Amino acid sequence: MTSTTTMSAALEPGHRERLMRLAHEVSFEAGSRLFEEGRRADRFWIVRTGTVALDLHVPGRRPAVIETLGRGELVGWSWHFAPYLWHLGAEAVSPVRAWEFDAGDVRAMCAEDAEFGREIADWVGRVVAQRLHASRVRLLDLYAPYGSGMLT
């Protein structure tokens, strides 16, 4: 996937290497919940293999899948913004292997090195903007009388 929101596209090599020093490998079985909307956001992941669906709680209905993430994608951005609570939920659609990061450790690295912190903040900000757009389009598709139309 070629996207400005993947870690490899968003971070310069030195910062990517520095971030990866904090990573540890984890696996999730298909159907496993990575996190729930409204709960504490204390970690995040980069997908290595598999697929993760982001979903939004809709009262009286099944959660609405907002976006599906794959290789190289950031899973979770709420860890970067106080009060550090998940804004969406996430579930492994297929078996997932990922790199997991402790949010507190990454925020501490950002505070110690302003250039690294700006690059992480820019990356996470682009992810938030892209997810907001995806959420809007998906909710219009699900609930608007004529769907999302042709948004660009």
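These figures come from a predicted structure and were not determined experimentally.
Partners of His80 according to the ring-ring contact (aromatic ring centres under 6.0 Å, His included) rule, which considers only residues two or more places apart in sequence or in another chain, do not exist here. With sequence neighbours excluded, the residues forming a salt bridge (charged side-chain N to carboxylate O under 4.0 Å, His left out) with Asp122 are Arg126, listed by chain and number. Partners of Trp99 according to the ring-ring contact (aromatic ring centres under 6.0 Å, His included) rule, which considers only residues two or more places apart in sequence or in another chain, do not exist here.
Note on Leu85: it does not cluster hydrophobically with Leu56, by side-chain heavy-atom contacts below 4.5 Å among ILVMFWY residues. Note: the hydrophobic cluster containing Leu132 does not contain Val127 (ILVMFWY, side chain heavy atoms under 4.5 Å, direct or indirect links). Under the 4.5 Å side-chain heavy-atom criterion for ILVMFWY residues, a single connected hydrophobic cluster contains both Phe101 and Met109.
In this structure, Leu88 CG and Glu67 CD are separated by 9.5 Å, a value rounded to the nearest 0.5 Å. From Thr51, atom OG1 reaches atom CD of Glu73 across 10.5 Å, with rounding to the nearest 0.5 Å. Between the CD atom of Glu17 and the CD atom of Glu12 there is a distance of 8.5 Å, given to the nearest 0.5 Å. The structure places CZ of Arg71 at 11.5 Å from CD1 of Ile46, a figure rounded to the nearest 0.5 Å.
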Return all side-chain donor-acceptor pairs below 3.5 angstrom for residues 34-41, not counting sequence neighbours, or 'none' if the list is empty.
from, atom 1, to, atom 2, distance (Å)
Glu36, OE1, Arg33, NH2, 3.2
Glu36, OE2, Arg33, NE, 2.8
Glu37, OE1, His57, N, 2.8
Arg40, NH1, Asp42, OD2, 3.4

Show the atom names and distances, to 0.1 Å, of all donor-acceptor pairs under 3.5 Å that link a side chain in residues 22-32 to residues at least two apart or in another chain.
from, atom 1, to, atom 2, distance (Å)
His24, NE2, Glu100, OE1, 3.0
Glu25, OE1, Arg48, NH1, 2.8
Ser32, OG, Glu29, N, 3.4
Ser32, OG, Glu29, O, 2.9

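Between Ala53 and Val65 the shortest heavy-atom distance is CB-CG1, 4.0 Å. Between Val124 and Trp77, the shortest heavy-atom contact is CG1-CB, 3.7 Å. Looking at every heavy atom in both residues, Arg43 comes nearest to Trp86 through O-CH2, 3.1 Å. Scanning both residues, Ala90 and Val75, for their nearest heavy atoms gives CB-CG1, 4.4 Å. Shown here for Leu19 and Leu11, the closest heavy-atom pair between the two residues is CD2-CD1, 3.8 Å.
Leu69 places a side-chain heavy atom less than 4.5 Å from the side chain of Leu54. Residues Ser78 and Tyr84 are not in side-chain contact: their nearest non-hydrogen atoms beyond the backbone lie 4.5 Å or more apart. Using a 4.5 Å heavy-atom threshold, the side chains of Trp45 and Arg97 count as separate. For the pair Val52 and Thr68, the minimum side-chain heavy-atom distance is 4.5 Å or more.
Screening residues 107-116 for side chain to side chain donor-acceptor pair (under 3.5 Å) gives Arg18-Asp113 as the qualifying pairs, with residues at least two apart or on separate chains.
Trp123 and Phe44 have perpendicular rings, their planes meeting at more than 60° on a 0 to 90° scale where under 30° would count as parallel.
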